[in-house]
Every structure is written in C-alpha cells, then in structure tokens.
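Inspection log for the structure reproduced underneath, given as structure tokens.
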Amino acid sequence: MSRPAILGGAVPQTVLPISQPTLPDYDRYASALSEIFESRQLTNDRWVARLEETAAGYLGVPEVVALGNATSGLILVAKLLGLSGKVMLPSFTFPATLHALLWNGIEPVLVDCDPESFNIDPIDAARRWSPGVSGIFPVYIFGNAPDWDGIEQLRSSRGLKALSDAAHALGTRVGDKMAGSFAEAEVFSLAPTKVTVSGEGGLVATRDASLARELRIARNYGNPGDYDCLFAGLNARQSELHALLGVFSLEQTETHIARRDAIVRRYRSGLAGVPGVRFQRIAENCRSTHNYFAVRIEALAFGLTNAELRSALEADQIRTKIYFYPPLHRQSRFRHLPGLEGSYPNTDRVCAEVLCLPLYSHMRDGEVDRVVEAVRSLQSEAPQVRAALKGKS
C-alpha cells in the first residue's frame with residue numbers, strides 16, 4: 001500500500017478529476033456540425049426536434065421539450081403548472097431546486113432527507129405539510145430515485161402537484177419505468193457533469209401535451225410566433241450545436257450507465273470492510289445512473305472527517321467534493337426564509353459525512369483502484385494524517 005502524499009509519500013503525476021464528460025466521436029460530430037453551418041439554422045431546428053423525439057422514445061413518455069439548461073426548465077414548469085403559495089422540497093439538494101421556486105415567488109418548505117438514500121423523506125414531508133402547500137418537488141439525488149410510492153400517497157391525500165428535479169437521472173429506472181414518468185413534469189440536465197451531455201442543456205419530460213405546448217412557447221419569451229406574447233417567458237432555447245451533441249451522447253447513455261454500474265461495484269467491493277465507510281442506499285428495484293458516487297465517512301470509526309479525507313486525497317491528486325454543503329437551511333442568503341427555519345438533523349448528518357469520489361463513464365479500473373488504495377491507506381494511518389493536516393493549517 002502506497003504511503004499517502006500528505007505523510008511524505010510520492011505525489012502522483014496525474015490528477016483524477018471528480019467528474020468528466022464522456023464525449024461521442026469527434027469526427028462524427030464535426031461532420032454533422034458542418035451540415036448545421038451550411039444550413040445556417042442554429043437554434044430550434046431539426047437537431048432540437050430529433051433530440052426531443054429520441055429522448056421521448058428512450059424515456060417512454062409522449063413529450064420531451066429541449067431547453068437551454070435545466071434550471072430554466074424548473075423555473076418555467078413551476079410557473080406553467082400553476083404552483084403557488086408553498087411547495088415542499090428536500091433540504092439536501094443543489095440550490096437550483098430552491099431557486100426555481102424563489103424565481104416564481106413561491107415559499108419553500110424544506111423537508112429533511114432520508115439519511116440512507118439521501119432523498120426527500122415522505123414521512124417528514126407529511127409532518128411538515130400545512131394548508132397552502134400546493135406541490136412537492138422531489139429530487140433524484142446522485143441519480144437515486146426518490147420514494148415515489150410514499151410521495152404518491154402524500155400527493156393523493158393532500159391534492160399536491162409534483163415537479164421533479166431529475167438533473168442527475170436521465171437513465172434512472174424504477175422497475176420497468178424510467179425517470180420522467182412519475183411527476184407532472186420531470187427536468188433533466190445535460191450539463192458537462194452529467195452522464196448524458198450536450199455541453200449545456202436541459203430536457204423536460206411530461207405526459208401532458210398541453211404543458212409541452214406551452215413550454216415550447218415559454219422557452220421563446222412566451223411568443224407563440226406572432227410576437228403577441230401569451231405570458232412572460234424566457235430565452236431558454238437550445239441551440240442546434242448543443243442538441244447535436246445531446247443526440248449523439250444519448251445514443252451512448254445505456255453503455256455509460258452499464259460502465260458506471262461496474263465502477264460502483266468495484267468501488268463497493270474495494271471499500272467493503274473499511275471502518276467508517278458507508279454507501280448510499282439504492283432500492284433493489286432502482287437502476288441509478290450513478291451520476292456521482294457518494295460514500296459516507298463516519299468520523300469516529302474512520303478516524304477522519306469527510307473534510308479531512310477530502311484534503312488528504314487532494315494531496316494525492318484525487319479530486320473529491322462534499323455535495324451539497326452547506327445545505328440550503330445553512331446558506332447565509334436563504335436561512336432567514338420562513339420555510340427554511342427549523343431543524344433538519346438528517347441533512348446535517350449527511351452533509352457532515354458525505355463525500356463524492358471520482359466517477360466518470362470512461363474511468364479505468366486502475367483509476368478506481370487508485371482511489372480505493374488511497375482511502376484505505378489514509379484510514380489505516382488516520383491519526384498521523386490528522387496531525388499532518390493540522391500542521392499545514
């Protein structure tokens with residue numbers, strides 16, 4: 001076992017990033033790109049339509065709308081669904097989930113997460129429900145599907161609409177049902193850190209043809225084509241250049257997810273039995289995209305906190321990230337909001353333990369083994385590592 005760099009071991013020459021996009025063949029992309037240049041149609045043309053059609057077939061939904069990014073999709077769908085008053089969302093999520101509500105003047109009601117799956121806890125949601133709550137906003141954390149059965153019980157008993165932040169989940173499946181089929185609308189990201197990429201971009205999946213029609217108008221400033229705007233929309237159009245990359249990337253999605261499954265199995269096998277290392281729980285009937293690979297570092301057993309392990313791995317040229325810290329209820333700009341006040345002990349615990357390790361679809365087995373060896377080595381010498389970190393601070 002190599003000696004950790006933080007303790008004087010050799011510093012590796014190569015950096016392992018936490019994430020990298022796995023891109024399609026460049027020559028094929030460049031050839032199709034030349035056709036776009038010749039056509040001079042740079043937005044909302046045949047490649048955008050092809051991406052929507054291909055994604056709808058893949059997800060098994062009648063409608064997919066392509067947008068410039070997922071955040072604009074969240075904002076516009078919340079508006080078009082008529083969400084108002086209060087909406088419940090998970091405390092453990094990326095800020096864009098919250099931002100979509102704030103842009104619509106909706107009061108957020110945070111719900112604690114399940115500490116094992118990291119997803120919104122339907123039982124806690126039921127406790128925090130109050131009159132005036134019009135919707136629920138579950139998130140697929142790291143590609144892991146939320147408890148849709150529990151969410152559906154709450155929706156039906158309280159008459160709630162559901163919009164999901166499925167940014168990490170293009171390719172996630174629950175049983176034989178793909179993500180994109182559960183809520184009134186589900187929004188996917190095609191940003192560079194995702195399994196399927198278009199450079200920048202988002203997709204909205206829905207079974208509601210009327211919603212899809214309005215969304216296509218909304219992404220073009222609310223202009224139906226005659227400049228007599230129907231409502232205040234956004235410039236959320238997706239370019240042909242991005243859509244082309246998205247089409248080619250989507251063709252590889254299943255291959256990428258299969259590879260990520262293999263990487264995660266290798267991680268889990270290699271880290272099995274390491275004191276203080278635990279894994280995100282994924283239900284047996286769920287196929288996650290594994291957009292990120294998150295471990296929980298229990299400091300007392302491991303000997304280091306997640307932050308200390310991150311710093312030590314950094315010395316070994318291994319990039320990691322503590323998602324999502326600080327959590328929404330502790331961010332200085334938002335913690336004063338009425339719906340964010342209160343106690344979220346599971347979220348605080350997860351944030352104090354979670355660490356995302358490198359994972360990308362073209363990651364090699366040897367790179368996975370390098371991370372495993374580094375984590376094992378640091379745990380075996382945790383007291384010395386902690387002392388070395390203190391000496392550098």
Side-chain angles (χ1 to χ4, degrees), residues 17-19 69-71 73-75 87-103 108-121 124-125 128 136-147 163-170 172 179 187-189 191-195 202 278-282 288-299 305-311 313-314 319-337 339-359:
I18 183 173
S19 179
N69 55 70
T71 302
L74 297 174
I75 292 170
V87 168
M88 296 187 291
L89 75 157
S91 52
F92 187 66
T93 185
F94 189 67
T97 317
L98 171 64
H99 293 174
L101 299 180
L102 298 181
W103 274 105
V109 177
L110 287 191
V111 176
D112 209 357
C113 70
D114 177 280
E116 301 297 329
S117 71
F118 308 160
N119 285 318
I120 191 169
D121 180 357
D124 191 58
R128 296 179 190 264
I136 188 166
F137 202 168
V139 180
Y140 294 74
I141 299 297
F142 308 143
N144 189 21
D147 177 4
L163 160 64
S164 90
D165 181 340
H168 293 176
L170 185 59
T172 292
V187 183
F188 302 95
S189 173
T193 57
K194 306 305 184 288
V195 178
R278 296 181 60 188
F279 306 109
Q280 182 185 27
R281 187 190 69 228
I282 297 172
S288 173
T289 59
H290 298 300
N291 194 85
Y292 290 101
F293 177 63
V295 294
R296 284 175 57 186
I297 304 299
E298 296 178 329
T305 66
N306 61 344
E308 289 171 331
L309 178 57
R310 181 188 183 192
S311 296
L313 287 170
E314 185 82 13
R319 305 290 187 256
T320 62
K321 197 155 189 175
I322 300 175
Y323 280 116
F324 301 101
Y325 183 83
L328 296 179
H329 65 284
R330 296 195 180 278
Q331 292 189 21
S332 56
R333 181 60 186 86
F334 303 128
R335 60 189 177 198
H336 70 284
L337 296 175
L340 276 66
E341 295 173 347
S343 175
Y344 307 93
N346 290 337
T347 296
D348 285 333
R349 178 183 172 190
V350 170
C351 284
E353 295 179 348
V354 75
L355 186 68
C356 292
L357 302 179
L359 175 59

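Here, residue 1 is the first one in the sequence, and each next residue gets the next number. All values below come from the heavy atoms of this structure, side chains included, with hydrogens, waters and symmetry mates left out. Just so we're clear, the structure is a prediction, and the values are computed from it rather than from any experiment.
- In terms of heavy atoms, Ile141 sits closest to Phe118 at CG1-O, 3.5 Å.
- Between Pro90 and Val139, the shortest heavy-atom contact is CG-CG2, 3.5 Å.
- Evaluated for a side chain to side chain donor-acceptor pair (under 3.5 Å) with Ser91, the options Asp121, Thr347, Asn346 yield exactly one hit, Thr347.
- Within the 3.5 Å criterion, the main-chain N or O of Ile120 finds no donor-acceptor partner in the side chain of Asp112.
- His290 pairs by the side-chain hydrogen bond (donor to acceptor under 3.5 Å, both in side chains) definition with Asp261, not counting sequence neighbours.
- Using a 4.5 Å heavy-atom cutoff, the side chains of Tyr140 and Pro146 are in contact.
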Q: Go through the steps to decide whether Arg310 and Leu355 satisfy the test side-chain contact (heavy atoms from CB on, under 4.5 Å), and finish with yes or no.
A: CA-CA 8 Å; Arg310 181 188 183 192; Leu355 186 68; 3.9 Å; yes
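- Between the side chain of Thr289 and the main chain of His168, a donor-acceptor pair closer than 3.5 Å is present.
- At least one side-chain heavy atom of Cys113 sits less than 4.5 Å from a side-chain heavy atom of Val350.
- Not counting sequence neighbours, Thr71 has no partner by the side-chain hydrogen bond (donor to acceptor under 3.5 Å, both in side chains) test.
- Of all the heavy atoms in Gly143 and Thr172, the pair that sits closest is O-OG1, 2.7 Å.
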Q | CA sep, side-chain torsions, deciding dist, call: His99, Phe334, ring-ring contact (aromatic ring centres under 6.0 Å, His included) | A | CA-CA 10 Å; His99 293 174; Phe334 303 128; 5.5 Å; yes
(Q) Please evaluate residues Val187 and Asp165 with respect to the criterion side-chain contact (heavy atoms from CB on, under 4.5 Å), reporting the C-alpha separation (whole Å), side-chain torsions for both, the decisive distance (0.1 Å), and the verdict. (A) CA-CA 5 Å; Val187 183; Asp165 181 340; 5.8 Å; no
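- Of the inter-residue distances, the one linking Leu328 atom CG with Leu89 atom CG reads 6.5 Å to the nearest 0.5 angstrom.
- Residues Ile322 and Cys351 approach most closely at CG2-O, 3.8 Å, considering heavy atoms.
- Without hydrogens or angle criteria, Arg296 side chain to Val354 main chain gives no donor-acceptor distance under 3.5 Å.
- The heavy-atom pair separating Asn144 from Ser288 by the smallest distance is N-OG, 3.6 Å.
- The backbone N or O of Thr305 lies less than 3.5 Å from a partner atom in the side chain of Glu308, making a donor-acceptor pair.
- Between atom CD1 of residue Ile136 and atom CE of residue Met88 there is a gap of 4.5 Å, rounded to the nearest 0.5 Å.
- Here the OG atom belonging to Ser19 is positioned 14.0 Å from the CZ atom belonging to Arg319, to the nearest 0.5 angstrom.
- Residues satisfying the ring-ring contact (aromatic ring centres under 6.0 Å, His included) test with Phe94, not counting sequence neighbours, are none.
- When the side-chain hydrogen bond (donor to acceptor under 3.5 Å, both in side chains) test is applied to Tyr323, the partners found at least two apart in sequence or on another chain are Tyr292.
- Here the closest non-hydrogen pair linking Ser164 and Leu74 is O-CD2, 4.1 Å.
- Side-chain atoms of Ser311 come within 3.5 Å of backbone atoms of Ala307 as a donor-acceptor pair (strictly under, hydrogens ignored).
- Between the CG atom of Leu313 and the OG1 atom of Thr320 there is a distance of 5.5 Å, given to the nearest 0.5 Å.
- Tyr325 has its ring centre no less than 6.0 Å from the ring centre of Phe92.
- The CG atom of Leu359 sits 11.5 Å away from the CZ atom of Phe142 when rounded to the nearest 0.5 Å.
- Partners of Asp124 according to the side-chain hydrogen bond (donor to acceptor under 3.5 Å, both in side chains) rule, which considers only residues two or more places apart in sequence or in another chain, are Arg127, Arg128.
- Considering Gln280, Arg281, Arg278 as possible partners of Glu116, the one that fulfils the side chain to side chain donor-acceptor pair (under 3.5 Å) test is Arg278.
- The distance from the SG atom of Cys356 to the CD1 atom of Ile18 is 5.5 Å, given to the nearest 0.5 Å.
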Q. Hey, mind stepping through Leu337 and Leu102 against side-chain contact (heavy atoms from CB on, under 4.5 Å) and telling me if it holds?
A. CA-CA 10 Å; Leu337 296 175; Leu102 298 181; 4.0 Å; yes
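- Partners of Phe137 according to the ring-ring contact (aromatic ring centres under 6.0 Å, His included) rule, which considers only residues two or more places apart in sequence or in another chain, do not exist here.
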